[in-house]
Amino acid sequence: MLLRGTISTPPASLRLKSNLNPQNSVTQSSQAAFPAAMQRKPPSYSISDEDLKSRGFLLRRTPEGLNLDQLNSVFVAVGFPRRDTAKIEVALEHTDALLWVEYEKTRRPVAFGRATGDGVFNAIIWDVVVDPSFQSCGLGKAVMERLIEDLQAKGICNIALYSEPRVLGFYRPLGFVSDPDGIKGMVFIRKQRNKK
């Protein structure tokens with residue numbers, strides 16, 4: 001399991017360089033015990049929830065209402081392999097943070113991202129996709145900013161990311177860095193047996 005760092009061969013991974021000190025991070029429930037100056041400030045997003053809604057995009061943080069066949073179509077449209085929807089459902093059951101964007105006019109998912117982890121120290125962001133016909137609208141950034149905020153609100157400050165190498169530049173302005181502190185990750189790849 002990759003806890004920190006990057007993978008030097010695809011799939012590429014980045015780690016969020018957090019400004020939070022793990023000893024000083026607080027959860028929302030414990031913020032009241034701290035003076036106002038020490039409490040976490042409300043998130044500052046590049047595009048507000050209200051602006052997204054005015055453009056017909058609805059933010060969803062649960063899988064309720066998410067059509068997995070339609071989500072699979074978005075995966076395929078961006079070059080991911082088609083997935084078994086029963087397996088997607090199991091993956092979503094084991095997901096710690098989820099955000100998807102529904103286009104109000106069509107009631108279809110047009111952006112998606114999720115994170116898994118131990119719920120305390122570490123999380124990994126997976127499956128960040130935006131339907132190609134909705135790219136360059138700020139939806140990918142909106143998904144990432146909110147996923148990161150949701151994870152940090154839980155006190156998680158070690159956030160890794162799996163990404164296609166061609167889009168790593170998208171994540172750097174969001175605070176992700178390659179090889180933080182020289183840390184390298186590894187991935188187990190199952191060897192396929194020759195079938196006769």
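All values below were derived from every heavy atom in this structure, side-chain atoms included, with hydrogens, water molecules and symmetry-related copies excluded. In this text the structure is predicted, and so the values were computed from the model without any measurement.
With hydrophobic clusters built from ILVMFWY side chains whose heavy atoms lie under 4.5 angstrom apart, V130 shares a cluster with I125. Hydrophobic clustering places I159 together with Y171 (ILVMFWY residues linked when any side-chain heavy atoms are closer than 4.5 Å, directly or through intermediates). Two different hydrophobic clusters hold L161 and F121 under the rule that ILVMFWY side chains link at heavy-atom gaps under 4.5 Å. In terms of hydrophobic clustering, with Ile, Leu, Val, Met, Phe, Trp and Tyr side chains grouped at heavy-atom distances under 4.5 Å, L139 and F170 are assigned to a common cluster. Hydrophobic clustering (side-chain heavy atoms under 4.5 Å, transitive across Ile, Leu, Val, Met, Phe, Trp, Tyr) groups I189 together with Y162.
Side-chain atoms of W126 do not come within 3.5 Å of backbone N or O of S163 as any donor-acceptor pair. At distances below 3.5 Å, at least one donor-acceptor pair connects side-chain atoms of N72 with backbone N or O atoms of R83. Judged purely by atom type and a 3.5 angstrom limit, D181 has no side-chain atom pairing as donor or acceptor with the backbone of I183.
Rounding to the nearest 0.5 Å gives a distance of 11.0 Å between CG of L68 and OG of S73. For the atom pair CZ (F80) and CD (E164), the distance works out to 5.5 Å, reported to the nearest 0.5 Å.
In terms of heavy-atom proximity, S178 sits nearest to R172 at OG-NH2, 3.5 Å. When all heavy atoms of L98 and L147 are compared, the closest pair comes out as N-CD2, 3.9 Å. For K141 against S46, the heavy-atom pair with the smallest separation is CD-OG, 3.5 Å. Considering every non-hydrogen atom in both I47 and E145, the closest pair reads N-OE1, 4.4 Å. Of all the heavy atoms in L151 and A115, the pair that sits closest is CD1-CB, 3.9 Å.
Counting Ile, Leu, Val, Met, Phe, Trp and Tyr side chains that sit under 4.5 Å apart, directly or through other members, V90 stands alone, with no cluster partners.
Side-chain contact between L99 and R60 is absent, with no heavy-atom pair separated by less than 4.5 Å. Using a 4.5 Å cut-off on side-chain heavy atoms (C-beta onward), L66 and L92 make contact. Using a 4.5 Å cut-off on side-chain heavy atoms (C-beta onward), P63 and E93 make no contact. Looking at heavy atoms from C-beta onward, Q70 lies out of side-chain contact with R107 at the 4.5 angstrom threshold. Residues D96 and I156 are not in side-chain contact: their nearest non-hydrogen atoms beyond the backbone lie 4.5 Å or more apart.
Using cut-offs of 30° and 60° for the angle between ring planes, the F112 and F75 rings count as perpendicular. Between F57 and F134, the two ring planes are perpendicular [angle over 60°; tilted spans 30° to 60°].
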Next item on the list: Take V128 and M144 through the test side-chain contact (heavy atoms from CB on, under 4.5 Å) and record every step on the way to the result.
Entry: CA-CA 8 Å; V128 178; M144 287 298 298; 3.7 Å; yes
Item checked: Step-by-step side-chain contact (heavy atoms from CB on, under 4.5 Å) determination, R108 to N67 -> CA-CA 7 Å; R108 296 177 69 90; N67 182 306; over 6 Å; no
Item checked: Derivation and outcome, side-chain contact (heavy atoms from CB on, under 4.5 Å), residues V78 and Q135 -> CA-CA 10 Å; V78 299; Q135 290 178 357; 4.0 Å; yes
Margin query: Applying side-chain contact (heavy atoms from CB on, under 4.5 Å) to V101 and L58, what does each step give before you reach the verdict?
Written below: CA-CA 6 Å; V101 179; L58 307 174; over 6 Å; no
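Within a 6.0 Å sphere centred on CD of E89, other residues, nucleotides and ligands contribute 12 heavy atoms or fewer.
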